[in-house]
Novice: 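Mind looking over this structure? Questions follow.
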Amino acid sequence: MADFYAIWDNFKNFIGGRAGVLHVLLFGLALLSCMFMGKKQRRTLVYPTVLVFLFFFNPLFYRYIGNKFLSGVYWRLLWMVPLNFVTAYGLVALVCRFRRQAVRAAAVLAAAACIIVTGKCIYNEQTFAKADNLYKLPQAAIDVSDAMAAAGIDWKVRAVVPNELFCYVRQYRCDVGLLYGRNAGGFISDISDEAKAVYNEMCRETPDIGLLTDLCRQQEVVFICFNTEMQQIPKDLSAYGYLPYRTIGEYSIFIWEEKA
Amino acid sequence: MTYKTILSMCVLFLLVPAWFGIFWIKILNIRQSAQAVLTAWVLGITEMLALGQLALVPLVAGKFTLTTAVMVIKVLFTLAALLSFYTVLRVWGQRFDRGDVSVFSKTTVGKRQTTPGDKDAKKIGTIFFLLLAVALILLQAWILARYQHIDDDDARFVSEEVSAVVHDTMLVDDPIEDAFMYWDVGETRKELASPWTMYVAACCRIVDTAPAIFSHTLFPFFMILICYGVYALIGQTLFAGDWEKTALFLIFLSALHIWDYTSTHTLGSMLLLRIWQGKASVASFIVPLLFFLFFQILRQRETGRYPVVLYMVSFAGSLLSGIGIVIMPVLTAIYGIVDFCCHRNWKKTLLIWCSAAPCGLYLVYYLMGLA
């Protein structure tokens, strides 16, 4: 039973909980109408969909394969369900029952309104923004990494950057290596205890600068970049072995004095 | 980004695939002109991906450079282009002998008996709905090309592409620390079976642009058009060549995708937010393509030639993502069962199942990497 609940959670996760229920209901109605449309529709749309659902909700498959090899991403198997195009097919079949073009156009509008009311628009302020640049990366990440590379210290330098930048620096240039990046959140690869300690300090509003710079020197980190709007940092870190290098907006970059 | 880059993208994602696809429309004997153009384009892209997979897996395993990979891919593309050239010469030769000089043969598929008044109204309706569908699709492609959506998964994918392009290596650099890391260690072990990022890196070399610009701006525009191309083919199949119904189908699909942000996992989110990632392309391109092929296969009692295309999709799906390697055999197994129940043709069912064999091999390696 626990397996079934886990599968159900994956299903809910996929449709987005209550937000997606109405679209799934629409799909269910379309599938049901396909069932009565004819042999062709049953063969191509209904039976395969039912089989995919049986396969997905199979607790044995989940226990031995899904849980082991698709842990956390089991919901991706639901991409095999032709959710959207079965719904679209059902709506077209419904709309085309009207022979007069004007009535048909009105029916199209009504069906589109039905989709709009039951769903949530993908184009909103959370998902899309005006592009900062052609790379479509935060401009700060580009400016900070350009500044680090411009020092011309080596063909590759190691750096620590604020959490809001670490996902983007290496999408722009690869001559800046990071002590940690998205792996701090448990993705891609494990990070060392020292990198974890530096990450923990960078997460704090008032980091322990002594500990942070000690660890960075041990790890041969050449540049440390702080967000001075989010973190309280002394203006001078020379006592800790790092010199001011460049300030870009709210970002202050310090360079390891041995490499300066 | 220069006009040269945009022109190169048009050649790489419009002209080259359409040219490659000529071979497939001859093999599949598709006669209706609009459907033939769409099929050629879609199957041409699939062929390019399949060739990429065939070239990249051994090259990554052998720790070759990206330059070598680009060279091998270009050679394979040239051979595929020559195959299409040979096909065109043969078709034109045969038509010349018959005295028929039209590019596509005329057909009556999809045409219905209607009265003159009905015919005019239907024609206007079809044109109106087709224009609306095209406008909606172009709008979706334009928004993704113009505006910025940030996805943190790119921290791995795009970084790997940048390392490959700059260092001329393939999957030997840690995407975060940039330390030396063999391909068979950690996450990259999975990527030997699905080297999508290296394919993108090779495309970046060919069109001469940065991976972030390619992934976030240029590629999504073309990929959204390609995905809707597959949906148009599905519409043509489901509605027996009726363009008005196909246009309505595309309009409803567009609306469903745009208003599908109930979670970040839905098909709409994959298509319209991060189509440049391999897994999103599997969800939005490979899976609908498989549906289209299975619909064609299910229509025929005999084996036909469509199972041959399935073999190619098997390689293309494997290139894009690990989930492509998993989904292909599962869908093949399901539609194989449905086909057997419909036609009771063991030979055909076995042929369908066997088409997942390349994925099966990659799947074994993929699961070994996860274990």
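Computed from heavy atoms alone, side chains included, the values below leave out hydrogens, waters and symmetry copies. This structure is a prediction, so every number in the text was calculated from the model and none was measured. Order of the sequence lines sets the chain letters (A, B, ...), proteins ahead of strands, with each chain counted from 1.
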Novice: So what's closer than 4.5 Å to chain B heavy atoms on A:Val46: side chain, backbone, both or neither?
Specialist: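 No part of A:Val46 comes within 4.5 Å of chain B.
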Novice: Identify the two heavy atoms, one from B:Ala210 and one from A:Tyr135, that lie closest to each other, and give their separation to 0.1 Å.
Specialist: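 In this case the closest contact between B:Ala210 and A:Tyr135 is CB-CE2, 3.6 Å.
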Novice: Quick check for you: among B:Asp339, B:Val166, B:Leu331, which has the greatest number of heavy-atom pairs under 4.5 Å with chain A?
Specialist: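 Answer, by heavy-atom pair count under 4.5 Å with chain A: B:Leu331.
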Novice: Heavy-atom pairs under 4.5 Å with chain A: which of B:Thr266, B:Leu238, B:Leu298 has the most?
Specialist: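 Maximum pair count with chain A is reached by B:Leu238.
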Novice: Where does A:Arg173 contact chain B at under 4.5 Å (heavy atoms): side chain, backbone, both or neither?
Specialist: backbone
Novice: Quick one: pull up CG in B:Asp174 and CG in A:Asn183 and give me the separation to the nearest 0.5 Å.
Specialist: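 B:Asp174 atom CG to A:Asn183 atom CG measures 7.0 Å (nearest 0.5 Å).
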Novice: Sort A:Leu178 into side chain, backbone, both or neither according to what part of it lies under 4.5 angstrom from a heavy atom of chain B.
Specialist: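 Both backbone and side chain.
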Novice: Top residue by heavy-atom pair count (under 4.5 Å) with chain B, among A:Gly177, A:Ala19, A:Ala88?
Specialist: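 Looking at each of A:Gly177, A:Ala19, A:Ala88 in turn, A:Ala88 comes out on top.
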Novice: With a 4.5 angstrom heavy-atom cut-off, is it the side chain or the backbone of A:Lys40 that approaches chain B, or both, or neither?
Specialist: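 Contact with chain B: side chain only.
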Novice: Considering only heavy atoms and a distance below 4.5 Å, find which of B:Val330, B:Val338, B:Asp152 pairs most often with chain A.
Specialist: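 Heavy-atom pair counts peak at B:Asp152.
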Novice: Evaluate the ring planes of B:His265 and A:Trp75, with Trp represented by its six-membered ring, and classify them as parallel (under 30°), tilted (30 to 60°) or perpendicular (over 60°).
Specialist: parallel
Novice: Please classify the contact of A:Val108 with chain B as side chain, backbone, both or neither, using a heavy-atom distance under 4.5 Å.
Specialist: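 A:Val108 touches chain B through backbone and side-chain heavy atoms alike.
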Novice: If you measure from CD1 on A:Ile115 to CH2 on B:Trp259, what distance do you get to the nearest 0.5 Å?
Specialist: 9.0 Å
Novice: Let's test your reading of the structure: which of A:Phe55, A:Tyr89, A:Tyr47 forms the most heavy-atom pairs below 4.5 Å with chain B?
Specialist: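 So the answer, after comparing A:Phe55, A:Tyr89, A:Tyr47, is A:Tyr89.
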Novice: Taking all heavy atoms of A:Met80 and all of B:Phe291, pick out the closest pair and write down the distance.
Specialist: O-CZ, 3.0 Å
Novice: Would you mind checking which part of A:Cys96 comes under 4.5 Å of any heavy atom in chain B, side chain (CB onward), backbone (N, CA, C, O), both or neither?
Specialist: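 Contact with chain B: side chain only.
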Novice: Do B:Ser163 and A:Arg170 have side-chain N/O donor and acceptor atoms under 3.5 Å apart?
Specialist: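 Short answer, yes.
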Novice: What closest approach, in Å, do B:Ala212 and A:Gln171 show between heavy atoms, and which atom pair accounts for it?
Specialist: CB-O, 3.7 Å
Novice: Of the backbone (N, CA, C, O) and the side chain (C-beta and beyond), which part of A:Phe166 lies under 4.5 Å from a heavy atom of chain B, both, or neither?
Specialist: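 For A:Phe166, neither part sits under 4.5 Å from chain B.
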Novice: Step by step, work out the side chain to side chain contact (heavy atoms under 4.5 Å, CB included) result for A:Arg76 and B:Val282.
Specialist: CA-CA 10 Å; A:Arg76 284 185 189 169; B:Val282 166; over 6 Å; no
Novice: Using modelled atom types and a 3.5 Å cut-off, is there a donor and acceptor pairing between side-chain atoms of A:Lys136 and backbone atoms of B:Tyr147?
Specialist: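 Checked: pair present.
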Novice: Just give me the residue among B:Thr237, B:Val287, B:Leu272 that pairs up with chain A most often, heavy atom to heavy atom, under 4.5 Å.
Specialist: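 Max contact count across the listed options: B:Leu272.
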Novice: Would you please indicate if the ring centroids of A:Tyr123 and B:Tyr261 are separated by under 6.0 Å?
Specialist: no
Novice: Would A:Trp79 and B:Ile323 satisfy side chain to side chain contact (heavy atoms under 4.5 Å, CB included), going step by step from the backbone distance to the final call?
Specialist: CA-CA 10 Å; A:Trp79 289 339; B:Ile323 199 69; 3.7 Å; yes
Novice: Compute the ring centroids of A:Phe85 and B:Phe252, then answer whether they are less than 6.0 Å apart.
Specialist: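 Ring centroids of A:Phe85 and B:Phe252 are no less than 6.0 Å from each other.
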Novice: Nearest 0.5 Å, please: how far is CG in B:Leu267 from CG in A:Asn84?
Specialist: 5.5 Å
Novice: Is there a side-chain contact between A:Tyr180 and B:Ile176 (heavy atoms, below 4.5 Å)?
Specialist: no
Novice: For each of B:Ile327, B:Ile337, B:Leu250, tally heavy-atom pairs with chain A at distances under 4.5 Å, and name the one with the top tally.
Specialist: B:Ile327
Novice: Non-hydrogen atoms of chain B under 4.5 Å away: do they reach the side chain of A:Val52, the backbone, both or neither?
Specialist: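 For A:Val52, backbone and side chain are both near chain B.
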Novice: If you measure from the Lys or Arg side-chain nitrogens to the Asp or Glu carboxylate oxygens, is any gap between A:Arg182 and B:Asp153 under 4.0 Å?
Specialist: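 Salt bridge between A:Arg182 and B:Asp153, a charged N being under 4.0 Å from a carboxylate O: yes.
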Novice: Give a yes or no answer on whether the side chain of B:Ser263 reaches the backbone of A:Ile15 with a donor-acceptor pair at less than 3.5 Å.
Specialist: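 Such a contact is absent between B:Ser263 side chain and A:Ile15 backbone.
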Novice: Less than 4.5 Å apart, side chain to side chain, heavy atoms only: is that true for B:Leu256 and A:His23?
Specialist: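 Yes, their side chains come closer than 4.5 Å.
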Novice: Can you say whether A:Asn13 sits under 4.5 Å from chain B via the side chain, the backbone, both, or neither, judging by heavy atoms?
Specialist: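 Contact with chain B involves both backbone and side-chain atoms of A:Asn13.
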